[in-house]
Protein chains: 2
Amino acid sequence: MGASKIDIYSNEINEIAAIAKVFSHPARVAILQYISKQNTCICNDIVDEIGLAQATISQHLKIINDAKLLEGTFEGKSLCYCLNVERFQELQSLFNSFFNQTKSNCC
Amino acid sequence: MGASKIDIYSNEINEIAAIAKVFSHPARVAILQYISKQNTCICNDIVDEIGLAQATISQHLKIINDAKLLEGTFEGKSLCYCLNVERFQELQSLFNSFFNQTKSNCC
DNA sequence: ATTTATTATCGTAATATTGCAATAATACAA
DNA sequence: TTGTATTATTGCAATATTACGATAATAAAT
């Protein structure tokens with residue numbers, strides 16, 4: 001008990017849930033918003049901007065990165081994170097098709 | 001430690017995260033999809049349809065309901081759950097404006 | 001090679017979530 | 001009122017998530 005039984009759901013359902021999980025923590029939403037606001041794309045001021053420890057931010061970035069939402073390149077000493085806009089759009093589309101499909105079938 | 005520090009984020013950010021949390025579990029996505037598919041709107045076959053205990057489904061329904069996504073009326077002995085389409089659409093819009101805003105600001 | 005700055009990982013504690021059995025509450029039927 | 005069906009709540013165990021300090025890894029500069 002305690003673990004989600006992901007094997008009993010369809011792939012589509014698990015995918016939607018996995019996408020939503022990325023956005024289900026305010027730190028990750030804040031990180032994504034902050035990265036997108038910096039049009040320079042230069043990063044880990046994220047730690048200063050958001051009030052969390054560096055290790056924690058790094059952990060959240062890993063989750064965002066695992067969803068393929070980031071592109072990172074080294075710029076001097078520091079890593080420059082950038083939003084993968086295509087992937088971001090893809091997630092938005094998947095979410096919207098779930099929303100639209102669900103809405104339209106309803107009573 | 002362990003608890004999310006929701007006080008350090010803006011309301012908008014917390015709202016997006018809270019919405020996403022509803023969809024972040026496959027059982028809840030499946031429930032929403034199932035409710036919408038039943039154009040009759042008659043319900044707790046949900047327990048049979050999805051392979052989870054009645055108590056667990058009821059718990060998930062509570063979370064969906066707390067997000068104001070359900071309308072429930074009694075029909076004889078059984079409760080008839082229905083998707084609150086206006087609210088559903090509202091969540092979709094909030095999500096989309098976050099997506100669009102984030103996308104457009106990026107490098 | 002050593003230092004310095006930046007990011008990732010490990011270990012651990014606190015809290016949250018998931019799931020279920022048992023039980024309570026609710027609503028109708030007899 | 002008693003029984004029956006449906007849904008909610010409670011209590012508990014298992015697992016997951018969040019957060020942080022300490023430490024490692026990486027990359028440039030001295």
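Residue numbers start from 1 in every chain, and the chains themselves are labelled A, B, ... in the order their sequence lines are given, proteins ahead of strands. The figures here come from the full heavy-atom set of this structure, side chains too, leaving out hydrogens, waters and symmetry mates.
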Quiz item: Mind checking what makes side-chain contact (heavy atoms from CB on, under 4.5 Å) contact with A/Ser10, not counting sequence neighbours?
Solution: A/Glu12, A/Ile13

Quiz prompt | Partners meeting side chain to side chain donor-acceptor pair (under 3.5 Å) with B/Asn65 (sequence neighbours left out) | solution = none

Practice problem: Tell me, please, which residues at least two apart from B/Gln59 pass side chain to side chain donor-acceptor pair (under 3.5 Å). | Solution: none

Practice problem: Return the set of residues passing ring-ring contact (aromatic ring centres under 6.0 Å, His included) with B/Phe99 (not counting sequence neighbours), or none when no residue passes. | Solution: A/Phe23, A/Phe88, B/Phe95

Between [atom2] of [N] and [atom1] of [X], the distance in whole Å:
{"X": "A/Ile64", "N": "C/dT7", "atom1": "CD1", "atom2": "P", "result": "14 Å"}
{"X": "A/Leu79", "N": "D/dA25", "atom1": "CG", "atom2": "P", "result": "18 Å"}
{"X": "B/Asp48", "N": "D/dT6", "atom1": "CG", "atom2": "C1'", "result": "12 Å"}
{"X": "B/His60", "N": "C/dA16", "atom1": "NE2", "atom2": "P", "result": "18 Å"}
{"X": "A/Asn65", "N": "C/dA8", "atom1": "CG", "atom2": "P", "result": "8 Å"}
{"X": "B/Ile63", "N": "C/dG19", "atom1": "CD1", "atom2": "C1'", "result": "12 Å"}

Exercise. Residues of residues 17-29 of chain B with any non-hydrogen atom less than 4.0 angstrom from an atom of DNA chain C: list those, numerically ordered, please.
Key: B/Lys21, B/His25, B/Arg28

Practice problem: Under the salt bridge (charged side-chain N to carboxylate O under 4.0 Å, His left out) rule, collect the residues that match up with A/Glu90, sequence neighbours excluded. | Solution: A/Arg87

Quiz item: Please, which pairs that meet salt bridge (charged side-chain N to carboxylate O under 4.0 Å, His left out) have at least one residue in residues 50-63 of chain A, sequence neighbours excluded?
Solution: A/Lys62-A/Asp66

Quiz prompt | Distance below 4.0 Å between B/Tyr81 side-chain N/O and D/dT6 OP1 or OP2 | solution = no

Self-check item: Sequence neighbours excluded - side chain to side chain donor-acceptor pair (under 3.5 Å) pairs with any residue from residues 13-27 of chain B
Solution: A/Ser4-B/His25

Self-check item: Of residues 50-59 of chain A, the positions that come close to DNA chain D - non-hydrogen atoms, cut-off under 4.0 Å
Solution: A/Leu52, A/Ala53, A/Ala55, A/Thr56, A/Gln59

Quiz item: Checking side chain to side chain contact (heavy atoms under 4.5 Å, CB included) for the pair A/Leu79/A/Thr73: CA distance, chi angles, key distance, verdict?
Solution: CA-CA 6 Å; A/Leu79 185 49; A/Thr73 50; 5.6 Å; no

